[in-house]
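Step one of this worksheet: look at the structure below.
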Amino acid sequence: MLKNYTYQAVKGTRDVFPVEAYLYQRLESQARKLLACYGCGEIRTPLLEHARLFERGVGQGTDIVNKEMFFVPSKDQDEDSRKENARQMVLRPEATASVVRAYIEHEMDKVSPGVLRYYYIGPMFRYERPQRGRLRQFTQIGVEVLGSALPMIDAEVIIMLEDFLGSLGLQHLVFLLNAVGCPECRPGYIRKLQVYIRGCQSRLCGDCRLRLDKNPLRVFDCKQPVCRELMARAPVMQDDLCADCALHHEEVLSLLDRAGIKYQKDSRLMRGLDYYTRTVFEVTSSDLGAQNAVAAGGRYDNLVTELGGPPTPAVGWSLGVERILEILPREPDKSRGFFDIYVVSPGADTTRTFFKVMALRRQGLRVGLEHEPKSVKAMMKRADRWGARWALWATSKNPEKVEIKNMANGEQMSVGWEDLPQLVGK
RNA sequence: GUGGGCGUAGCUCAGUUGGUUAGAGUGCUAGGUUGUGGUCCUGGAGGCCGCGGGUUCGAGUCCCGUCGCCCACCCCA
């Protein structure tokens, strides 16, 4: 809107002002509280990682590393090597690989033997075309549990997620579950699937013909009616699970049943990341647009060795904070209660009032004070808009006393400055 | 990367087949109420109609370009 140059937020990023930031804070503190009950400790890994980590960890064939990474050129490269080396660092597109990297790098299996439970909260970056429910910078809350292959851990992690989503009072959620096998049984299944798909290749859409060789499992995700219909009769992984995977899956299901978790088995559910084994799951919401996944996760028993660590089975999930916020029931009054006290008239001695207010703030009261006040009427309006609980007048006659009005019921009284903390205190 | 839609007060949007001074609601502001908010009434401020070019006597309106936003595909949280 300015003449020549306008500064605006980078595409796919958003500014969050206090009213909305408050919603983030509440969601995050709820998550921290609940996850701590499950024994998860917070882990903070850098937003910057080497591209190699995700190429190896998430997988070369995935969109996330193929076309969605934000590359960060580093400063100390000379011009000649810049082009090549520019691919070295990226803003993290997800955090599982980072957590595993940190786990291996710090030899946590030796530092703290046993099952380790971590959670993280923070921004992720993916270079995608923005749309509803899809930002280039978005926030994830995630959990990673390392060190156990027991089905009970799968169940625990899933219950944790269910518990959290349930505590938010979200409606219209669907919990999808699948088993995707392991290196023992998956390759055989994929060959079988390819044979089936090849059989009806001519009827598939163009995209799916390409997927056939690159990643046949993705054909299950296709939304074309023709492909869906054909894939409805395709062989499913579940019938080809090896004995261990089948048993594991059964036990997870039985635990979830006993926990009273409602889920749908979905043999078409294929996570888009290469590292998943055995249990995968996804929570979707019909209140969102096309990007309807609220949370997703699964078991990744081979990722730690893949990244050079000791054999360490693991499970985890992550959820999209912005997507949660979008479907969270909105409260009508957003900025209610921002101030405990709002000064509508500083009186004759404004400096004195200034320091009185400072003293109240040091005692933990949230006090609003305008240094260039308008008419009292206007100030009252502001006090109301901020949702202040009390409006305050400093009186010129008696500087030790103030007039104070309860904004909720209109009652007004005269008290000393020193009485305020007790009167107003929560 | 591919489609489709949309850019007009801070915000949500009207704006006739091109026509002279671009509107409403909300918000902001001042007053009605000589320190008192949430209702009501009255006044005021606030717009190069995204940007650039073209057609025309005349463009918010038509054409071209460009930038931006949104939605969908793809993919995912």
Side-chain donor/acceptor contact of [X] with base of [N] under 3.5 Å:
X: D384(A); N: G37(B); value: yes
X: K405(A); N: G37(B); value: yes
X: R134(A); N: C71(B); value: no

Using a cut-off of 4.0 Å on non-hydrogen atoms, how would the nucleic acid contact of [X] be classed: base, sugar-phosphate, or nothing?
X: L135(A); result: base
X: G142(A); result: nothing
X: A378(A); result: sugar-phosphate
X: W393(A); result: base
X: A383(A); result: nothing

Counting side-chain heavy atoms from CB outward, which of [options] is closest to [X]?
X: Q291(A); options: C76(B), U29(B), G35(B); result: C76(B)
X: Q131(A); options: U36(B), C76(B), C74(B); result: C74(B)
X: R132(A); options: A72(B), G37(B), G35(B); result: A72(B)
X: Q140(A); options: C71(B), A77(B), G35(B); result: A77(B)
X: E403(A); options: U36(B), C74(B), G31(B); result: U36(B)
X: R385(A); options: C28(B), C71(B), G37(B); result: C28(B)
X: K377(A); options: C69(B), C73(B), G31(B); result: G31(B)
X: R129(A); options: A72(B), G35(B), C75(B); result: A72(B)
X: P130(A); options: C70(B), G37(B), G35(B); result: C70(B)
X: K374(A); options: U29(B), C76(B), G37(B); result: U29(B)

Heavy-atom check, side chain of L173(A) versus side chain of I327(A), under 4.5 Å: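 Touching, per the 4.5 Å side-chain cut-off.
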
Within-4.5 Å side-chain heavy-atom neighbours: I104(A) and T312(A):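 No, every pair of side-chain atoms sits at 4.5 Å or beyond.
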
Residue whose nearest RNA chain B nucleotide is more 5′ - S375(A) or A394(A):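 With A394(A) and S375(A) compared, the 5'-side residue is S375(A).
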
Closest-nucleotide 5' rank along RNA chain B - winner of K11(A) and E282(A):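 Its nearest nucleotide lies further toward 5', so the answer is K11(A).
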
Side-chain N,O (R389(A)) to OP1/OP2 (G37(B)) below 4.0 Å: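 Indeed not, no polar side-chain atom of R389(A) lies that close.
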
How many Å lie between [atom1] on [X] and [atom2] on [N], as a whole number?
X: K381(A); N: C28(B); atom1: NZ; atom2: P; value: 6 Å
X: F70(A); N: C76(B); atom1: CZ; atom2: P; value: 18 Å
X: R136(A); N: C74(B); atom1: CZ; atom2: P; value: 19 Å
X: L269(A); N: C76(B); atom1: CG; atom2: P; value: 11 Å
X: Q8(A); N: C51(B); atom1: CD; atom2: P; value: 14 Å
X: E128(A); N: A72(B); atom1: CD; atom2: P; value: 13 Å
X: M379(A); N: U33(B); atom1: CE; atom2: C1'; value: 19 Å
X: Q412(A); N: G37(B); atom1: CD; atom2: C1'; value: 11 Å

Searching all strands shown, indicate the nucleotide that pairs with [N] (Watson-Crick or G-U wobble; both distances under 3.5 Å).
N: C73(B); answer: G1(B)
N: A24(B); answer: U12(B)
N: U56(B); answer: none
N: A45(B); answer: none
N: G68(B); answer: C6(B)
N: U61(B); answer: none

Derivation of the side chain to side chain contact (heavy atoms under 4.5 Å, CB included) call for R132(A) and Q291(A): CA-CA 7 Å; R132(A) 182 166 179 209; Q291(A) 312 299 310; 6.0 Å; no

[X] and [Y]: which non-hydrogen atoms are nearest, and at how many Å?
X: V376(A); Y: S345(A); result: CG2-CB, 4.3 Å
X: E128(A); Y: R136(A); result: O-NE, 2.6 Å
X: V180(A); Y: R186(A); result: O-CD, 3.2 Å

Mind checking the [atom1] distance from [N] to [M]? Whole angstroms is fine.
N: A30(B); M: G15(B); atom1: P; value: 34 Å
N: A22(B); M: G47(B); atom1: P; value: 13 Å
N: G27(B); M: U12(B); atom1: P; value: 15 Å
N: A9(B); M: C76(B); atom1: C1'; value: 38 Å
N: G4(B); M: C64(B); atom1: P; value: 14 Å
N: U20(B); M: U61(B); atom1: P; value: 14 Å
N: G38(B); M: C28(B); atom1: P; value: 10 Å
N: C6(B); M: G10(B); atom1: P; value: 23 Å

Enclosure of R191(A) CZ (heavy-atom neighbours >12, cutoff 6.0 Å):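 Not more than 12 within 6.0 Å, no.
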
Polar contact flag, side-chain donor to acceptor under 3.5 angstrom, D257(A)-Y263(A):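 A pair is found: one side chain offers a donor N or O, the other an acceptor, under 3.5 Å apart.
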
Exercise: do E144(A) and Y300(A) side chains pair donor with acceptor under 3.5 Å: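 There is such a pair (donor and acceptor under 3.5 Å, judged by atom type) between the side chains of E144(A) and Y300(A).
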
Aromatic ring of F138(A) stacked on base six-ring of A77(B), 5.5 Å, 30°: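 It does: the two rings, one from F138(A) and one from A77(B), meet the stacking criterion.
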
Chi class for G7(B): syn within 90° of 0, otherwise anti: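 Glycosidic conformation of G7(B): anti.
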
